[in-house]
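Everything below concerns the one structure shown next.
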Amino acid sequence: MKRIKIADIWKDQRISGPVLVKGWIRTLRNSKHFSFIELNDGSCLTNIQIIADNTLLNYTDVESLTTGSALAVSGTLRNSPGQGQSVEIHADTITIINKTPDSYPLQKKRHSDEFLRSIAHLRPRSNKYGAMFRIRSHVSMFIHNYFQNKGFFYIHTPVITGSDCEGAGEMFRVSNIKPGQMITQNGKPDFSSDFFGKETNLTVSGQLSAEMFALSLGDVYTFGPTFRAENSNTSRHAAEFWMVEPEMAFCDLTDTMTIAEEFIKYVVKSYLETCQEDFSLFSRFVDTELPHVMNTILSSDFERISYLEAVNILINSGKSFEFKVEFNSDLQSEHERFLSEEYFKKPVFIYNYPKNIKPFYMRMNDDDQTVAAMDLLVPNIGELIGGSQREERLDYLIKRMKDMGLKQEDYWWYIDSRKYGSVPHSGFGLGFERLLMLLTGVTNIRDVIPFPRTPGHIEF
RNA sequence: UCCCCAGUAGCUCAGUCGGCAGAGCAAUUGGCUGUUAACCAAUGGGUCCGCGGUUCAAGUCCGUGCUGGGGAGCCA
């Protein structure tokens, strides 16, 4: 008999009669003449209930099974007389694939996130993390669907890079030289003997590469791992995370905000349609406000205000912030939270930031003081998206690089793109894990990544 | 990196003023005619995070280290 997945049993109400399922025991209840076994195969949240009668040849083995054990069950799918489920399987044979010893750390009761994090190799077997990682897979596909449907091309930008793009934070060096064997000259490391012949790092952004392809294929996006060696110890930062970076030719900052808003709404809508069951777990047990949050995203027009307006709102709010609100400095976390959570109570774009707090590639505005940058702030998460219109004018770009002390020869190919057929173009980066946090109400980034990497943590 | 909080049974936690180490769940054994984190009874289970100190006496007070969590900065 062909094995059937439990998700298909719940999906297709017409299935009945003989079935074969394979999975792991979530819980087992013994009665006098038979046992109830809740079996889960990871295909969906809801278990299938197995009725194991004491007439089974191996019943004494079956009734002593433990949570986590692996079984193959063949039997008959029937309507259930009980309350909690429409159908159940009356087992004809139960093959014990693996009996789990009583040291199995997962129990049928609720565990803390901190404990489950310490057993990251087993936590996807729990309801919550099973749901989380099914959602993570689905949301990945929604992202591809959105861009593919709009004619964007998926670009695989390099993970190993020789350019210190945008000087964004600390980078992880890549080398094949053994520790202590790096040749030095005048006390400085000589990278010419290293694998690539120069200092090499893991990427902190695919943007500069993606720009080259936007200026060739029109609309492109990247979706892949990104690495930051910052010693950040917060619930919103990881050393390895995934980023979505669309880049669009013939597109200005306003267009970009429109696309970002449409994109977020598309993902939320697909999520609510496709992941109803797993979503319900998070809206019941993790954040009961989640349906409301999703509704707000779908039904509201995201606010769009300039940095100047944002600062004025903060100054006139009458709120006493720990950090003073000042022009020409970046907004603090508490400022961002106030704007999205208290003042607007919905996602808000803030655009046109002072040039001195933003990187060289952002397009200078006519006031010569601000650049065409935008951040999307969402309640509970903070910054979900950071983007900008890119500086397409060669003379502006070079002046800006000089002002910021960047060497042109390091960016010769980037500069080339402004010499040859340069056009207005824009893009943004979205933190995939932060999107998952928004969608599930989970407040720690370590709980939306299968095996999270943070400072001092590389287990698993 | 800085600030704050915590660490007691496999898990979640209680432990009063410094005076015999506790509960629920899990495990084991038995009971129970359809259960829904089943229920009932019994049994086993401890480096009270490590090290040092104060004290007649430390899970409890002090110092220090480690681990975990929350917040800040940086950012996505």
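Note on naming: letters A, B, ... go to the chains in the order of the sequence lines (proteins, then strands), and numbering restarts at 1 for each one.
Residue A:S31 places at least one side-chain N or O under 4.0 Å from the OP1 or OP2 atom of B:G34. Between A:Q332 and the phosphate of B:G73, there is a side-chain N or O to OP1/OP2 separation shorter than 4.0 Å. Using a 4.0 Å cut-off, no side-chain N or O of A:S118 falls inside it from OP1 or OP2 of B:G68. Between A:N444 and the phosphate of B:G70, there is a side-chain N or O to OP1/OP2 separation shorter than 4.0 Å.
Cation-pi contact between A:K150 and A:F263: absent, since separation from the ring centre below 6.0 Å together with deviation from the ring axis within 45° is not met.
The nucleotide whose nearest atom lies closest to any side-chain atom of A:H237 is, among B:C75, B:G34, B:U36, B:C75. Listed nucleotides B:A72, B:G70, B:U1 differ in distance to A:F323; the shortest reach to its side chain belongs to B:A72. The side chain of A:Q85 has B:U35 as its nearest neighbour among B:G70, B:U33, B:U35. In the set B:C74, B:G68, B:C75, the nucleotide with an atom closest to the side chain of A:H457 is B:G68. Distances from the side chain of A:M243 to the nucleotides B:U1, B:G69, B:A76 place B:A76 closest. When the nucleotides B:U36, B:C74, B:G73 are ranked by their closest atom to the side chain of A:R29, B:U36 comes out on top. Residue A:E88 has its side chain nearest to B:G34 when only B:G34, B:A76, B:A72 are considered.
Remark on RNA chain B: of its neighbouring residues A:A238 and A:S80, the 5'-side contact belongs to A:S80, judged by nearest-heavy-atom nucleotide.
Separating the P atom of B:A37 from that of B:G45 is a span of 31 Å, rounded to the nearest Å. When the P atom is used for both B:G18 and B:C11, the distance is 29 Å, rounded to whole Å. Spacing between B:U1 and B:C20 at atom C1', rounded to whole Å, works out to 46 Å. The separation of B:G68 from B:C62, taken at their C1' atoms, amounts to 23 Å, rounded to a whole angstrom. Comparing B:G69 with B:G31, their C1' atoms sit 43 Å apart, to the nearest whole Å. Of the C1' atoms belonging to B:U47 and B:C4, the separation is 29 Å, rounded to the nearest Å.
Shown here are the salt bridge (Lys or Arg N to Asp or Glu O under 4.0 Å) partners of A:D113, two or more places apart in sequence or in another chain: A:K128. For A:D278, the side chain to side chain donor-acceptor pair (under 3.5 Å) partners at least two apart in sequence or on another chain are A:R134. Here A:W242 pairs with A:F223 under the ring-ring contact (aromatic ring centres under 6.0 Å, His included) rule; sequence neighbours left out.
B:A76 has its base stacked against the ring of A:F241, the centroids being under 5.5 angstrom apart at an interplanar angle below 30°.
Regarding A:F36, its CZ atom lies at a distance of 13 Å from the P atom of B:A37, rounded to whole Å.
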Write down the protein N/O and nucleotide N/O pairs, taken from nucleotides 27-31 of chain B, whose separation is under 3.5 Å; answer none if there are no such pairs.
| from | atom 1 | to | atom 2 | distance (Å) |
| --- | --- | --- | --- | --- |
| B:A27 | O2' | A:D102 | OD2 | 3.0 |

Show the distances under 3.5 angstrom between N or O atoms of the protein and N or O atoms of nucleotides 42-46 of chain B.
none

| query | Quick one: what's the B/S/- string for nucleotides 2-15 of chain B, heavy-atom cutoff under 4.0 Å, read 5' to 3'? | reply | --------BBS---
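Summarising the base pairing, B:U60 is matched to no nucleotide, lacking a Watson-Crick or G-U wobble pair whose two defining distances lie under 3.5 Å.
Ring pair A:F152/A:Y146: centre-to-centre distance not below 6.0 Å.
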